[in-house]
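Both backbone and side-chain heavy atoms feed into the values below; hydrogens, waters and symmetry mates do not. Because the structure is a prediction, the values reported are computed rather than measured.
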Amino acid sequence: MGRLRVNAPPSIKPEVISLGCRLNIAESERMKAMLADSGDVVVINSCAVTSEAVRQTRQAIRKARRARPDARLIVTGCAADIERDQLAEMPEVDGLIANAAKLDPRAWNVPLPEAPPPPTRTRAFIAVQNGCDHACTFCVIPQGRGASRSIKISEVLREVEHHLELGAREVVLTGVDVTSWGHDLPGSPPLGALVAAVLDAFPQLQRLRMSSLDGVEIDEALFELFASEARLMPHLHLSMQHGDDLILKRMKRRHSRADAVTLVQRLKARRPDIAIGADLIAGFPTETPEHHAANLSIIDELDIVHGHIFPYSPRPGTPAARMPQVAREVVKQRAAELREAVAARRASWLHSLVGETLSVLAERDGTGYAPSYARVDLPEGTPAGKLIDITPRSIEGGLLR
């Protein structure tokens with residue numbers, strides 16, 4: 001791709017635009033530090049999980065080119081592998097970096113840093129795992145991320161320590177398939193062992209949060225921490241995908257509806273304030289109205305208040321793309337119904353928090369997040385990174401106020 005411009009005028013700074021998952025966010029922060037002296041460069045850290053994500057990637061490329069017409073524009077991330085030929089044909093794109101190489105300075109022709117410090121953030125996203133060994137019939141992510149690889153506990157602890165030294169008040173452990181962490185390490189430690197190690201090593205860490213988890217692979221040690229450890233945030237986001245067992249089987253998921261219901265019931269019995277999130281796909285191939293009804297009903301049964309709804313879209317080379325498809329207008333309608341059901345559940349949950357005193361971690365935009373990931377409007381002038389007790393009195397625009 002040619003050498004990036006190093007030692008550029010200080011007024012010209014590189015920009016990394018992150019799309020998609022929290023793992024991408026974590027990797028984008030590392031790229032920003034690595035490319036800090038690379039001058040007029042824009043990097044699109046792309047997503048390809050759905051056709052809509054690819055559309056947004058292309059949109060971000062065009063927008064970035066209009067904003068910085070003279071910059072060198074580079075695309076990396078999952079779409080840079082899965083949609084490589086299509087993105088390479090875009091006139092706005094100057095080059096592509098393979099997803100597996102994006103954190104390697106040699107791929108960017110920049111000097112090897114001794115210990116690149118990530119920029120200070122209120123919340124630090126730390127990748128503890130990458131890749132996926134599973135073969136869900138709808139998913140292209142293994143094509144862009146490869147096999148599952150775990151980061152050793154010692155390396156995770158070093159990164160957590162570094163972020164805490166830079167002022168982070170909350171750490172989020174993230175990855176592609178986080179609950180597979182440890183399967184490839186000596187002795188195959190469970191994810192609960194890593195979470196316990198982080199909490200034990202850093203008593204000063206006030207908030208530890210987990211990104212999306214596969215509920216059926218939550219080990220007992222991790223369950224106990226969710227149930228009883230105050231510093232592990234009461235916020236569990238499940239990679240659920242659907243509420244009907246036949247559709248889950250056709251997706252090649254490893255859990256049943258009953259598995260998810262039992263897990264949530266057990267957790268809520270021990271920690272009633274835990275907030276449940278979930279990914280749900282609308283209009284998966286062969287989905288009937290009855291299957292969709294089961295998908296809708298899981299929202300209330302699991303009390304899903306953080307819902308990520310994805311209209312199904314066929315991805316290249318996946319088995320689901322060869323299955324009988326649901327009409328696009330039906331997919332869109334079902335997605336809208338799922339979103340409406342989540343919104344109603346979420347509104348009821350937010351109303352239940354009015355009058356409660358919440359410990360909120362302030363962000364830079366004047367809002368903050370409670371332990372349950374409820375978003376709260378903060379008094380003007382509240383500095384980012386400050387933990388503040390707030391007793392909201394109303395709800396406006398989805399924010400507790």
With the side chain counted from C-beta on, respond yes when [X] and [Y] share a heavy-atom pair under 4.5 Å apart, and no when they do not.
{"X": "Lys252", "Y": "Pro319", "result": "no"}
{"X": "Val54", "Y": "Arg315", "result": "yes"}
{"X": "Asn295", "Y": "Phe284", "result": "no"}
{"X": "Val264", "Y": "Asp303", "result": "no"}
{"X": "Ser228", "Y": "Phe226", "result": "no"}
{"X": "Glu52", "Y": "Pro311", "result": "no"}
{"X": "His255", "Y": "Met240", "result": "yes"}
{"X": "Thr367", "Y": "Val360", "result": "no"}

Polar contact flag, side-chain donor to acceptor under 3.5 angstrom, [X]-[Y]:
{"X": "Ser348", "Y": "His351", "value": "no"}
{"X": "Arg253", "Y": "Ser239", "value": "yes"}
{"X": "Ser18", "Y": "Ser28", "value": "yes"}
{"X": "Ser180", "Y": "Glu217", "value": "no"}
{"X": "Thr288", "Y": "Glu290", "value": "yes"}
{"X": "Gln333", "Y": "Glu329", "value": "no"}
{"X": "Ser313", "Y": "Arg55", "value": "no"}

Worksheet item: Taking all atoms of both residues into account, what is the closest heavy-atom pair of Arg271 and Ala230, and its distance?
Response: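 Where Arg271 meets Ala230 most closely, the heavy atoms are NH2-O, 3.7 Å.
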
Worksheet, complete the sentence: Minimal heavy-atom distance between Leu23 and Ala127, with the atoms involved, is CD1-CB, 3.2 Å

Discussion item. Given the ring of Phe223, does Arg266 sit roughly above its face, with NZ or CZ under 6.0 Å from the centre of the six-membered ring and within 45° of the axis?
Written reply: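 Yes, Arg266 and Phe223 form such a contact.
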
Sidechain N-carboxylate O distance under 4.0 Å for [X], [Y]:
{"X": "Arg66", "Y": "Glu92", "answer": "no"}
{"X": "Arg145", "Y": "Asp177", "answer": "no"}
{"X": "Arg257", "Y": "Glu301", "answer": "yes"}
{"X": "Arg149", "Y": "Asp184", "answer": "no"}
{"X": "Lys32", "Y": "Glu29", "answer": "yes"}
{"X": "Arg375", "Y": "Asp365", "answer": "yes"}

Do any N or O atoms from the side chain of [X] and from the backbone of [Y] form a donor-acceptor pair under 3.5 angstrom?
{"X": "Glu229", "Y": "Leu225", "result": "no"}
{"X": "Thr179", "Y": "Leu213", "result": "no"}
{"X": "Arg231", "Y": "Gln206", "result": "no"}
{"X": "Asp244", "Y": "Ala294", "result": "no"}

Worksheet item: Yes or no on salt bridge (Lys or Arg N to Asp or Glu O under 4.0 Å) for Arg158 and Glu161, after CA distance, side-chain angles and deciding distance?
Response: CA-CA 5 Å; Arg158 279 198 296 271; Glu161 181 178 35; over 6 Å; no

Worksheet entry | Verdict with supporting geometry, Leu236 and Leu263, side-chain contact (heavy atoms from CB on, under 4.5 Å) | CA-CA 11 Å; Leu236 173 62; Leu263 172 65; 4.3 Å; yes

Give, for atom [atom1] of [X] and atom [atom2] of [Y], the distance between the pair rounded to the nearest 0.5 Å.
{"X": "Glu363", "Y": "Thr382", "atom1": "CD", "atom2": "OG1", "result": "12.0 Å"}
{"X": "Phe125", "Y": "Glu27", "atom1": "CZ", "atom2": "CD", "result": "12.5 Å"}
{"X": "Asn99", "Y": "Asp81", "atom1": "CG", "atom2": "CG", "result": "5.5 Å"}
{"X": "Lys386", "Y": "Arg169", "atom1": "NZ", "atom2": "CZ", "result": "8.5 Å"}
{"X": "Ile281", "Y": "His242", "atom1": "CD1", "atom2": "NE2", "result": "8.5 Å"}
{"X": "Met210", "Y": "Arg22", "atom1": "CE", "atom2": "CZ", "result": "10.5 Å"}

Worksheet item: Given Met233 and Tyr369, is the side-chain contact (heavy atoms from CB on, under 4.5 Å) satisfied, shown in steps?
Response: CA-CA 11 Å; Met233 296 294 94; Tyr369 289 95; over 6 Å; no

Item to complete: Show the numbers, then the answer: is there a side-chain contact (heavy atoms from CB on, under 4.5 Å) between Val195 and Val198?
Response: CA-CA 5 Å; Val195 176; Val198 171; 5.9 Å; no

Discussion item. Going by side-chain contact (heavy atoms from CB on, under 4.5 Å), Val376 matches just one of Leu350, Leu400, Leu353. Which one?
Written reply: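 Only one option passes, and that is Leu400.
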
Worksheet entry | Matching residue for Val178 among Ser211, Ser150, Ser212 - test: side-chain contact (heavy atoms from CB on, under 4.5 Å) |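 Filter result, single survivor: Ser211.
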
Discussion item. Surrounding CD of Glu340 (heavy atoms of other residues, nucleotides or ligands, distance under 6.0 Å), is the total greater than 12?
Written reply: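 No, not enclosed.
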
Worksheet item: Run the side-chain contact (heavy atoms from CB on, under 4.5 Å) check on Leu87 and Arg58 step by step: do they pass?
Response: CA-CA 8 Å; Leu87 294 180; Arg58 297 173 71 91; 4.0 Å; yes

Item to complete: Could you label the plane-to-plane angle of the His235 and His237 rings as parallel, tilted or perpendicular, counting under 30° as parallel and over 60° as perpendicular?
Response: perpendicular

